[in-house]
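To keep things clear, I will list the structure first and then write my remarks on it.
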Amino acid sequence: MLTTRPRGTNDILPGEVEKWQYLEELARNVCKQYGYHEIRTPIFEHTELFLRGVGETTDIVEKEMYSFLDRGERNITLRPEGTAPTVRAFLENKLYAQPQPTKLFYIGPMFRYDRPQAGRYRQFHQFGIEVFGSNHPSVDAEVIGLACDYLERLGLDNLEVHINTVGCPECRKKHKESLIAFFEDKKDQLCETCGGRLEKNPLRILDCKSPLCQELSENAPTTLSSACPECQIHFQQVQEYLTEIGIKYTINPRLVRGLDYYTNTAFEILVQGIGAQSALCGGGRYNGLIEQCGGKPTPGIGFALGMERLLLTLNQQEKSLPESGTPDIFIASIGAEAQKASFKLAIDLRKKGFIVEKDYLDKSLKAQLKTADRFQVKYTLILGEKELAGGKVLLRDMAGSEQIEISISEIEDFLERRLQKNE
Ligand code: AMP
């Protein structure tokens with residue numbers, strides 16, 4: 001137990017963490033270019049927020065939340081997703097009073113008691129964006145386009161953008177009735193969950209993962225066929241905007257978001273080759289959500305992209321990310337006095353902006369040079385008692401093994417010139 005992490009969690013170790021930093025930095029840069037601002041909300045929220053903001057008949061709320069009573073008997077949940085917390089923060093901090101729309105992004109851990117497998121974990125990370133305050137179809141296209149832009153900058157291949165419309169509450173009502181009629185005589189064959197939610201939320205059957213439910217819903221009436229003229233126009237315009245920015249998409253009538261406050265556009269970005277977990281990114285419009293969470297009716301749209309799945313895909317497609325930087329220099333020392341001097345020299349050089357590694361174990365010079373090689377440094381400074389007495393050090397070029405003597409006061413200038421020129 002003591003040396004085992006909880007099931008479904010991961011350690012992100014040095015070597016791997018640099019990839020995360022790169023992906024996060026790219027996400028921040030892309031968002032900045034599109035005018036999205038970062039928001040950081042708490043890791044835990046009142047459970048009530050997710051009951052309202054994710055929906056009581058969803059898998060997340062029904063089976064996947066990490067909920068507990070805190071010491072003050074409050075019902076708390078580790079956030080399973082980022083949209084509801086962002087909506088809460090938008091309302092609580094009155095961001096709606098600022099010029100609209102509000103364009104936000106977040107990057108951070110989410111928690112779901114899911115069945116762990118490749119690409120599915122209990123603690124995972126999402127990069128997500130949300131736009132509140134505009135129902136303009138260009139916003140739908142911008143949100144989808146931002147996700148594509150991000151993924152394309154990483155050089156990913158075989159991406160597929162699937163889109164659909166789930167319509168407005170009026171279309172949904174009509175669709176719900178036609179679905180209940182369609183499934184009525186198939187009710188007994190549906191999985192237990194779907195059979196139970198037929199009357200309440202038949203739309204959820206369409207994105208149920210059970211193969212039999214999927215088969216049964218093959219010819220079910222689609223949301224598109226129930227869409228009112230206004231919703232059809234919105235969907236049409238979103239497509240025009242997507243075409244305008246060169247995004248290829250597939251209309252997938254089976255793509256639904258099962259709750260009443262999801263409206264109009266639903267989309268997913270899928271990638272081939274990472275097995276069952278092929279959805280890298282999912283999102284859509286939720287024009288009813290902000291009102292559902294206690295605000296004034298305000299349109300909203302967003303996506304969430306799974307960072308672990310993104311890394312899996314990058315590995316799968318053998319896309320390399322920039323390696324982490326190696327130290328500029330290694331400092332080796334021989335003897336107690338030189339160890340002390342090397343300690344000070346390392347810190348002085350770090351304060352000047354160099355990345356410096358040194359020996360911490362009083363190893364032999366040979367072993368220290370081996371360590372320097374392992375760090376792949378170009379230069380090693382060697383401090384011996386003799387050189388030190390004369391205010392000098394040996395500078396060893398690790399590639400050619402040549403050594404020259406230079407004075408301590410010249411090191412900084414020397415390194416600056418050499419490293420800058422990348423000699
Ligand atoms: P969702 O919030 O369920 O729409 O998921 C959005 C994205 O988050 C998915 O497309 C995945 O990339 C990622 N994701 C969702 N659940 C998990 C999980 N349990 N483990 C890893 N990634 C996940």
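Basis for what follows: all heavy atoms, side chains included, without hydrogens, waters or symmetry-related copies. Note that ligands are numbered from 1 as they come in the structure, with each ligand's atoms numbered from 1 the same way.
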*asked:* Show me, by chain and number, every protein residue that has a heavy-atom distance under 4.0 Å to ligand 1.
replied: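 Ligand 1 pocket, heavy atoms under 4.0 Å: Arg112, Asp114, Gly119, Arg120, Tyr121, Phe124, Gln126, Arg257, Ala279, Leu280, Cys281, Ala304, Gly306, Arg309.
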
_Within residues 354-370 or reaching into it, pairs that qualify as salt bridge (charged side-chain N to carboxylate O under 4.0 Å, His left out) - sequence neighbours excluded_ = none

*Taking only residues at least two apart or on different chains, which pairs with a member in residues 150-164 satisfy side-chain hydrogen bond (donor to acceptor under 3.5 Å, both in side chains)?*
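Every pair satisfying side-chain hydrogen bond (donor to acceptor under 3.5 Å, both in side chains) with a residue in residues 150-164: Gln33-Arg153, Asp149-Arg153, Asp157-Lys319, Glu160-His162, Glu160-Gln272, His162-Asn252, Asn164-Thr223.
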
*Output all residues satisfying side chain to side chain contact (heavy atoms under 4.5 Å, CB included) with Thr222, sequence neighbours left out; order by chain, then residue number.*
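Thr222: side chain to side chain contact (heavy atoms under 4.5 Å, CB included) contacts with Leu224, Ser225, Pro253.
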
*asked:* Between Arg28 and Glu25, does any side-chain N to carboxylate O distance fall below 4.0 Å?
replied: no

*asked:* Any salt bridge linking Glu416 with Lys352? Criterion: basic side-chain nitrogen under 4.0 Å from a carboxylate oxygen.
replied: no

*Heavy atoms, side chains only, cut-off 4.5 Å: are Asp140 and Gln237 in contact?*
no

